[in-house]
Amino acid sequence: KQEDLFNSSHTRMAYMFWQLMHAEEPYLTDDLSEEMKVARTTTISDLNRLRKAIEKYDLKIKGKANTGLALCGDEYKIRLFILENIYEQLYLNFPLGQIIREKLYDFQERLSMDALGFGFFYRFFVVMIQRMESGHTIKKLEPKYEELYGSSAYMIVDEFLNEIEQVKGYKISKEERLFLSISVAGMRTPANTAEIEQKISISEGVADLIIEILDRINRLKYGFHIYNPMVDDFKNKYSVAYKMAEIAKGVLEERVGIEMTEDEMGFLAAYFGVFLLEQEPEKKR
């Protein structure tokens, strides 16, 4: 079973990251090779791939193969790398316990969350609990995350985590509450479009798109990106919509100071594509 498990380079990288992020002292490369039952050269090759993958998260693996390696970087960035890259390998069957699971599903029902939104929240929650309980808490967050304090997203999370504290028997800090709030801040939520429609004559579908775009901007602001497998399709088949997305990207980066990934560009092009279709006249001139 162990040999089969470590046949994949991605799985080996996830395992090494897990070991390094929990290590209390430098980790020897030979120990990693022995645990995974692979050659030392394979481990070194995977380590180099891992180093490259974590670069954009401002994380580093410092040290030398023969003296030991250590993972260095901000706790929030460590969690972000996990969520965006290796969650399935590390946390797919994480044991939360029946009571906590019930509270999570009650929370989903109370807020009428869709499967995608709840999926983000659930992942953030699992990673937060595991990291906290292994002694790795968030001590400080950048000012842009502090802005969430007092927001509706924070209040929703605050109420939920008060219930979790009763079950767990320990306190959950403001910083950890802010971390979980990030998953809610970028989440799609039901919205009333009546106020928008009073000001401009658009269909409910288009108003819905605007709300979705605003949700996406929130996700970008807090640095949480989603993989988009259809970017090339949008770029090649819907060139006008993609050009509109490029223009919007420039405005967002200039005005809001956030960087838009190519994955997000594809999503934005999809929104513009639907908008263009709806604005088409019934009969083309």
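The structure displayed is predicted, hence computed values, not measured ones.
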Quiz item: When you check the gap from the basic side-chain N to the acidic O, do Lys37 and Glu34 get nearer than 4.0 Å?
Solution: yes
Quiz item: Between the side chains of Tyr122 and Arg101, does any donor sit under 3.5 Å from an acceptor?
Solution: yes
Quiz prompt | Any donor-acceptor pair under 3.5 Å from His22 side chain to Arg131 backbone | solution = no
Exercise. Treat each ILVMFWY residue as a node, draw an edge where side-chain heavy atoms are under 4.5 Å apart, and state whether Leu28 and Tyr15 are in one component.
Key: no
Quiz item: Heavy-atom count around Ile44 CD1 within 6.0 Å, excluding the residue itself: above 12?
Solution: yes
Quiz item: Checking side-chain hydrogen bond (donor to acceptor under 3.5 Å, both in side chains) for the pair Tyr170/Glu133: CA distance, chi angles, key distance, verdict?
Solution: CA-CA 10 Å; Tyr170 56 70; Glu133 292 184 350; 2.6 Å; yes
Quiz prompt | Point-to-point distance, once rounded to the nearest 0.5 Å, from CD1 of Ile182 to NZ of Lys144 | solution = 9.0 Å
Quiz item: Would you say Glu88 and Arg123 make side-chain contact, with heavy atoms under 4.5 Å?
Solution: yes
Quiz item: Counting only heavy atoms not in Glu146, do more than 12 sit closer than 6.0 Å to its CD atom?
Solution: yes
Quiz item: Does the pair Ile138 and Arg79 meet the rule for a side chain to side chain contact (heavy atoms under 4.5 Å, CB included), with working shown?
Solution: CA-CA 10 Å; Ile138 294 175; Arg79 296 184 189 187; 3.5 Å; yes
Quiz item: Taking C-beta and beyond as the side chain, do Leu111 and Phe118 meet within less than 4.5 Å on heavy atoms?
Solution: no
Practice problem: Return the minimal non-hydrogen interatomic distance between Leu71 and Met21, and the atom names on each side. | Solution: CD2-CB, 3.7 Å
Quiz item: For the atom pair CZ (Phe267) and OH (Tyr271), what is the distance rounded to the nearest 0.5 Å?
Solution: 6.5 Å
Quiz item: Does a side-chain N-to-carboxylate-O contact under 4.0 Å join Lys249 and Glu246?
Solution: no
Quiz prompt | Ring centers of Phe272, Tyr242 separated by less than 6.0 Å | solution = no
Quiz prompt | Exceeds 12 heavy-atom contacts within 6.0 angstrom, atom NZ of Lys174 | solution = yes
Self-check item: Close side-chain approach of Arg49 and Ser45, heavy atoms under 4.5 Å
Solution: yes
Quiz prompt | Lys103/Glu165 under salt bridge (charged side-chain N to carboxylate O under 4.0 Å, His left out): CA gap, chis, key distance, verdict | solution = CA-CA 12 Å; Lys103 287 202 171 291; Glu165 280 184 340; over 6 Å; no
Practice problem: Kindly determine whether Glu75 and Lys140 satisfy salt bridge (charged side-chain N to carboxylate O under 4.0 Å, His left out), including the steps that lead there. | Solution: CA-CA 9 Å; Glu75 173 63 21; Lys140 190 170 173 58; over 6 Å; no
Quiz item: Can you name the nearest heavy-atom pair linking Ala269 to Ala245, along with the distance?
Solution: N-CB, 3.8 Å
Self-check item: Test item: Ser134 side-chain N/O and Gln130 main-chain N/O as donor-acceptor pair under 3.5 Å
Solution: yes
Quiz prompt | Among Leu47, Val38, Thr43, Leu50, the one residue meeting side-chain contact (heavy atoms from CB on, under 4.5 Å) with Arg12 | solution = Val38
Quiz item: Looking only at heavy atoms, what is the nearest atom pair of Arg40 and Ser33, with distance?
Solution: CA-OG, 3.5 Å
Quiz item: Considering all heavy atoms of both residues, which atom of Leu96 and which atom of Phe125 are nearest to each other, and what is their separation?
Solution: CD2-CE2, 4.0 Å
Quiz prompt | Test log, rule side chain to side chain contact (heavy atoms under 4.5 Å, CB included), inputs Ile100 and Lys168 | solution = CA-CA 9 Å; Ile100 298 291; Lys168 288 289 188 180; 4.2 Å; yes
Self-check item: Derivation and outcome, salt bridge (charged side-chain N to carboxylate O under 4.0 Å, His left out), residues Glu55 and Lys60
Solution: CA-CA 7 Å; Glu55 262 179 17; Lys60 293 185 185 304; over 6 Å; no
Self-check item: Worked check of side chain to side chain contact (heavy atoms under 4.5 Å, CB included) between Lys64 and Leu69
Solution: CA-CA 6 Å; Lys64 294 181 180 178; Leu69 306 166; 5.7 Å; no
Practice problem: Kindly compute the distance separating CD (Glu147) from CG (Leu141), expressed to the nearest 0.5 Å. | Solution: 12.0 Å
Quiz prompt | Residue pair Tyr57 / Asp74, side-chain heavy-atom distance below 4.5 Å | solution = no
Self-check item: Closest approach of Thr137 to Lys139 (non-hydrogen atoms, all atoms of both residues)
Solution: OG1-NZ, 2.8 Å
Exercise. Quick one: sort the Phe160 and Phe107 rings into parallel, tilted or perpendicular, breaks at 30° and 60°.
Key: tilted
Quiz item: Do the side chains of Leu90 and Leu83 join up, straight or via other hydrophobic residues, at under 4.5 Å, putting them in one cluster?
Solution: yes
Practice problem: Taking the side chain as every heavy atom from C-beta outward, state whether Lys243 and Val240 have any atom pair closer than 4.5 Å. | Solution: no
Quiz item: Do we get Arg177 above Tyr154's six-membered ring, with its NZ or CZ under 6.0 Å from the centre and within 45° of the axis?
Solution: no
Quiz item: For Leu148, does its backbone N or O pair with a side-chain atom of Ser151 as donor and acceptor, under 3.5 Å?
Solution: yes
Self-check item: Gap separating the CD1 atom of Ile172 from the CG atom of Asp158, nearest 0.5 angstrom
Solution: 10.0 Å
Quiz item: Checking side chain to side chain contact (heavy atoms under 4.5 Å, CB included) for the pair Phe179/Tyr145: CA distance, chi angles, key distance, verdict?
Solution: CA-CA 8 Å; Phe179 170 74; Tyr145 304 115; over 6 Å; no
Quiz prompt | Straight-line distance of Leu161 CG to Ser173 OG, nearest 0.5 Å | solution = 9.5 Å
Quiz item: Does the distance from a Lys or Arg side-chain N to an Asp or Glu carboxylate O, for Lys171 and Glu176, drop under 4.0 Å?
Solution: no
Practice problem: For the pair Lys56 and Glu84, find out whether any cationic side-chain nitrogen is under 4.0 Å from an anionic carboxylate oxygen. | Solution: no
Self-check item: Hphob cluster co-occupancy, Met155 + Met128, side-chain heavy atoms under 4.5 angstrom
Solution: no
Self-check item: pair Ile78-His136: side-chain heavy atoms closer than 4.5 Å
Solution: no
Quiz item: Could you give the distance from CE (Met13) to CZ (Arg51), rounded to the nearest 0.5 Å?
Solution: 11.5 Å
Self-check item: Between Tyr105 and Glu109, a side-chain donor and acceptor under 3.5 Å
Solution: no
Practice problem: Please name the pair of heavy atoms, one in Gly73 and one in Leu59, separated by the smallest distance, quoted to 0.1 Å. | Solution: CA-CD2, 3.6 Å
Practice problem: Fit a plane to each ring of Trp18 and Tyr91, take the angle between them on a 0 to 90° scale, and name the class: parallel (under 30°), tilted (30 to 60°) or perpendicular (over 60°). | Solution: perpendicular
Quiz item: Does any non-hydrogen side-chain atom of Ile61 lie less than 4.5 Å from one of Met16?
Solution: no
